[in-house]
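Computation of the quantities below employed the complete heavy-atom set of this structure, encompassing side-chain atoms and omitting hydrogens, waters and symmetry-equivalent molecules.
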Amino acid sequence: MLALGVVVRFWGADLPGWARGLSPFDHIPRLPVEDFRLAPLVMLTALAAGLLLLGLYGFRSRDLKGA
């Protein structure tokens with residue numbers, strides 16, 4: 001994800017809009033140039049928390065036997 005952010009940041013002007021939209025940096029406001037918006041930050045935080053919970057569920061449901 002970090003590599004995608006770097007690529008979009010440096011070569012984003014040459015990419016189509018849907019590819020630029022994959023970067024989380026495209027959705028957060030650029031302070032102090034833009035006004036602060038809470039909605040994108042809340043949505044990205046909720047997405048990160050959901051992916052974290054999904055990863056924890058997958059981690060706990062592995063087929064490993066304890067010693």
### Task
Starting from Leu47, walk the hydrophobic network (Ile, Leu, Val, Met, Phe, Trp, Tyr; side-chain heavy atoms closer than 4.5 Å) and list everyone else you reach, by chain and number.
Leu51
### Query
Under the 4.5 Å side-chain heavy-atom rule for ILVMFWY, direct or indirect, which residues accompany Leu56?
Leu52
Name every donor-acceptor pair, under 3.5 Å, that has one atom in a side chain of residues 34-44 and the other anywhere in the protein, sequence neighbours excluded.
from  : atom 1 : to    : atom 2 : distance (Å)
Glu34 : OE1    : Arg30 : N      : 3.4

#### Entry: Under the side-chain contact (heavy atoms from CB on, under 4.5 Å) test, residues paired with Arg60 that sit two or more places apart
none
